[in-house]
A.B. asks: 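Got a structure for you, written out below as structure tokens; questions coming shortly.
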Amino acid sequence: IAEHTLAELKTYGFYGETILSLEEIIAFCKENGMGLVIDHGYAFTSNQWDIAISLVNKYAMQDKVIWLVTPTGTTPSEWYSKAHIAILSNTNDLTNDIAYAKSIKTDFNNVYIDVNADKMTTTILENAISSLGSDIKLLMWTVDRTDYLATYKPYIVGLTSNIINFCLIN
């Protein structure tokens, strides 16, 4: 996808649907009262961050967007203090992710750790919640199996999936 322009991408269909721009997605979420997770991975440049942030501000969606970041990514740290941030975690040792989450938590933002379902156990999640307290919540990603959801539901406030995404912003 990165090798193509938006105009080129719009000529392709995905299950009969047109690929939307970020602005079109944000506008759709705004019109339909939905939240949005913006996953930048490692790919956003400083200019792309500025564009994404300006679009979220344009549609007054600051309180409905969770920015999915990596501790080693290019997220502008000055934005952490007021944004909903989810730290993407791909490990079964959450020690560093918990420390990082605590370091960016303020009175004015929400911070989540988005854990990999395949690497979790109820013991790991119980220990994480005990360490986090009530200020930082857990999300879970790659939850495509209902047995995961049934097992881990008491520990998470939202999930991201290869099939459909749900998030609770409180």
Side-chain angles (χ1 to χ4, degrees), residues 1-2 14-15 17 20 22 25-26 28-29 32-45 48-49 52-53 56 61-170:
I1 289 179
F14 185 72
Y15 295 105
E17 296 293 326
L20 301 176
L22 180 59
I25 292 167
I26 293 170
F28 175 85
C29 290
N32 291 282
M34 299 170 63
L36 177 65
V37 175
I38 298 178
D39 178 359
H40 87 294
Y42 299 90
F44 272 25
T45 65
Q48 289 168 324
W49 267 111
I53 291 168
V56 168
M61 290 285 290
Q62 299 91 328
D63 64 336
K64 296 291 184 192
V65 170
I66 294 177
W67 300 89
L68 186 59
V69 303
T70 58
T72 58
T74 58
T75 313
S77 59
E78 69 276 4
W79 218 70
Y80 283 166
S81 64
K82 295 183 181 175
H84 300 298
I85 301 292
I87 301 161
L88 184 62
S89 177
N90 194 20
T91 179
N92 62 357
D93 180 358
L94 299 177
T95 306
N96 291 336
D97 296 320
I98 290 169
Y100 184 64
K102 288 180 175 181
S103 77
I104 64 172
K105 178 70 181 109
T106 71
D107 290 338
F108 306 104
N109 69 1
N110 288 310
V111 176
Y112 307 87
I113 300 175
D114 197 5
V115 298
N116 181 338
D118 291 329
K119 299 191 179 204
M120 290 298 105
T121 66
T122 54
T123 302
I124 293 170
L125 294 171
E126 286 169 357
N127 290 338
I129 288 174
S130 174
S131 296
L132 291 171
S134 61
D135 286 345
I136 299 170
K137 308 289 186 200
L138 296 175
L139 300 172
M140 185 169 280
W141 60 276
T142 313
V143 182
D144 296 336
R145 296 176 32 193
T146 56
D147 60 322
Y148 278 167
L149 185 55
T151 301
Y152 297 136
K153 184 180 175 190
Y155 308 101
I156 61 173
V157 297
L159 62 93
T160 54
S161 165
N162 294 334
I163 298 171
I164 192 164
N165 296 313
F166 300 95
C167 280
L168 168 67
I169 299 177
N170 52 11

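Just the heavy atoms: all of them, side chains too, but no hydrogens, waters or symmetry mates, feed the values below.
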A.B. asks: Do V37 and L139 have side chains that approach each other closer than 4.5 Å (heavy atoms only, starting at C-beta)?
C.D. replies: no
A.B. asks: Can you pull the side-chain hydrogen bond (donor to acceptor under 3.5 Å, both in side chains) pairs that have at least one residue in residues 121-134, sequence neighbours excluded?
C.D. replies: E126-Y155
A.B. asks: Please report the closest heavy-atom contact between K105 and D135, naming both atoms and the distance.
C.D. replies: CE-O, 3.4 Å
A.B. asks: Please tell me whether D93 and T91 have a donor and an acceptor in their side chains that are separated by less than 3.5 angstrom.
C.D. replies: no
A.B. asks: Determine the minimum heavy-atom distance between I85 and I66, stating which atoms define it.
C.D. replies: C-CG2, 4.3 Å
A.B. asks: Considering all heavy atoms of both residues, which atom of A101 and which atom of V111 are nearest to each other, and what is their separation?
C.D. replies: CB-CG1, 3.7 Å
A.B. asks: List for me each residue that meets side chain to side chain donor-acceptor pair (under 3.5 Å) alongside N32, sequence neighbours excluded, and say none if there are none.
C.D. replies: none
A.B. asks: Identify the heavy atoms of M61 and I26 that sit nearest to each other, and give their distance.
C.D. replies: CG-CG2, 3.9 Å
A.B. asks: Could you walk me through whether C29 and K64 pass the side chain to side chain contact (heavy atoms under 4.5 Å, CB included) check?
C.D. replies: CA-CA 9 Å; C29 290; K64 296 291 184 192; over 6 Å; no
A.B. asks: Is there a side chain to side chain contact (heavy atoms under 4.5 Å, CB included) between L22 and I38 once you walk through the steps?
C.D. replies: CA-CA 9 Å; L22 180 59; I38 298 178; 4.3 Å; yes
A.B. asks: Passes side chain to side chain contact (heavy atoms under 4.5 Å, CB included), I136 versus K102? Steps please.
C.D. replies: CA-CA 8 Å; I136 299 170; K102 288 180 175 181; 3.9 Å; yes
A.B. asks: Heavy-atom distance under 4.5 Å between the side chains of L132 and L138, does that happen here?
C.D. replies: yes
A.B. asks: Where is the tightest heavy-atom contact between M120 and L125, given as atom of each residue plus distance?
C.D. replies: SD-CD2, 3.6 Å
A.B. asks: Please identify each residue that fulfils side chain to side chain contact (heavy atoms under 4.5 Å, CB included) with K119, with sequence neighbours left out.
C.D. replies: N90, N92, N116
A.B. asks: Is there a side chain to side chain contact (heavy atoms under 4.5 Å, CB included) between V115 and I124 once you walk through the steps?
C.D. replies: CA-CA 10 Å; V115 298; I124 293 170; over 6 Å; no
A.B. asks: Mind checking side chain to side chain donor-acceptor pair (under 3.5 Å) for S103 and listing every partner two or more places apart, or none if nothing turns up?
C.D. replies: none
A.B. asks: Of the non-hydrogen atoms in V157 and K137, which two are nearest, and what is the gap between them?
C.D. replies: CG2-CB, 3.7 Å
A.B. asks: How many angstroms lie between CD1 in I113 and CD1 in I156, if you round to the nearest 0.5 Å?
C.D. replies: 13.5 Å
A.B. asks: To the nearest 0.5 Å, what is the distance between CH2 on W67 and CG on N109?
C.D. replies: 14.0 Å
A.B. asks: Return the CG to CH2 distance between D118 and W141, rounded to the nearest 0.5 Å.
C.D. replies: 7.5 Å
